[in-house]
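Some notes on the structure that comes next.
Start at 1 and go down the list; that is how both ligands and their atoms are numbered.
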Amino acid sequence: MKDRFGREFTYLRVSVTDRCNLYCIYCKVPELPRPERMTLPEIARIVRAAADVGVRKIRLTGGEPTLRSDIVEITEAVAATPGIRQIVMTTNGLLLGRLAAPLAKAGLQRVNVSCDSLDAENFRNITKGGILQKVLDGLDAARAAGLVVKINCVVMGNQNDHEVLPMLQFSIARDFDIRFIEYMPMNLGEGEGLYGAPETIPSAQLRDHVAKTYKLIPEESSATSGPADTYHVVGTRTRVGFISAMSNPFCENCNRLRVTPEGKIRSCLLTGGDFDLVGAIRAGASDADLSKLYLQALEGKPAVYELHKFGAVDMRSIGG
Ligand code: SAM
């Protein structure tokens, strides 16, 4: 599936819930958590229709995807979809201690675990109450279950920028990959941290900081590096990525579409029309009709995202 700018779409991020068990300072808190709209069979059909038009990789995200009681069954259904080659999940890791093994058995291959601090108190501040040890236990369980682990760390000035090297050392010690993500001020000033408003630190500055301690060799972009500018940390098995959504948007290489927890296609993280897959399924649409909706959504996909043109963005619902 290609859009009018020649970009090819092989990757679908499915946000299976907008509920979350953390309240990170950079993520918009919904007024009321909504019950899940998409059922397991509906998610299975949505994924099948996407595979029919060329999607090969599915990311399960949220909200917090592991809060769905049927997340193992969802993973199994996605894994059983002809054409889908990669199934990955973005999670805060809190429930991986219990779920990593069944998810791996169901066909999950990789997890991106969000962890912005290794200091229990700072972690609690950033997540407004989260318990770091549970995430660390979840990471251990993911590794033991054979899942490939990547850490996602949103770096914020005034909050956790002093933890960049310790986070990298932690990842190196466990052979995890890590990506440092530029903080995106999505919420127009909402959600200040304890130490003041979080600030975006350009990736180039972070990379220079890391390169003073570690030798970094740039990697060719790969199927798993996504939008990150990725480096091999010499002498280790770790790759470090920098995601520069603010300082250097990567829209020209975008290969993804999103499905919201309401079952609507969102063609861009920040903009793009919502095409109602679940509404169509409930109105009796065929798989071919659903596939057409993906193609229509692509027609409206913008060349470049426009931050704030459409107001605050609810990352918790869209799934990052
Ligand atoms: N609950 C899951 C988790 O914690 O990973 C999945 C949802 S979360 C919205 C997905 C990703 O979006 C996380 O890695 C999070 O750090 C990132 N994210 C959310 N808000 C962000 C922001 N304002 N700037 C940069 N990254 C953000």
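The cationic atom of Arg174 (NZ for Lys, CZ for Arg) lies less than 6.0 Å from the six-membered ring centre of Phe170 and within 45° of the ring axis.
In this structure, the side chain of Asp137 does not engage the main chain of Lys134 through any donor-acceptor pair within 3.5 Å.
The hydrophobic cluster around Val234 extends to Ile217, counting ILVMFWY residues whose side-chain heavy atoms fall within less than 4.5 Å of a member.
Taking any N or O of Glu64, backbone or side chain, at least one lies under 3.5 Å from an N or O belonging to ligand 1. Of the N or O atoms in Gly63, one or more lie within a sub-3.5 Å distance of an N or O in ligand 1.
Sorted by first and then second residue, the pairs that involve residues 46-55 and meet side chain to side chain donor-acceptor pair (under 3.5 Å), not counting sequence neighbours, are Arg48-Asp287.
Of all the atoms in ligand 1, the ones that sit under 4.0 Å from a non-hydrogen atom of Asn92 are 2 (C), 3 (C), 4 (O), 5 (O). The atoms of ligand 1 that sit less than 4.0 Å from any heavy atom of Thr61 are 6 (C), 7 (C). In the vicinity of Gly62, heavy-atom distances shorter than 4.0 Å reach the ligand 1 atoms 7 (C). Ligand 1 places these atoms under 4.0 Å from at least one heavy atom of Thr91: 2 (C), 3 (C), 4 (O), 5 (O). Below 4.0 Å from some heavy atom of Ser114 lie the following atoms of ligand 1, by number and element: 3 (C), 4 (O), 5 (O), 13 (C), 14 (O).
Arg239 pairs with exactly one of Leu216, Ile178, Thr230, Val233 by the side-chain contact (heavy atoms from CB on, under 4.5 Å) rule, that one being Thr230.
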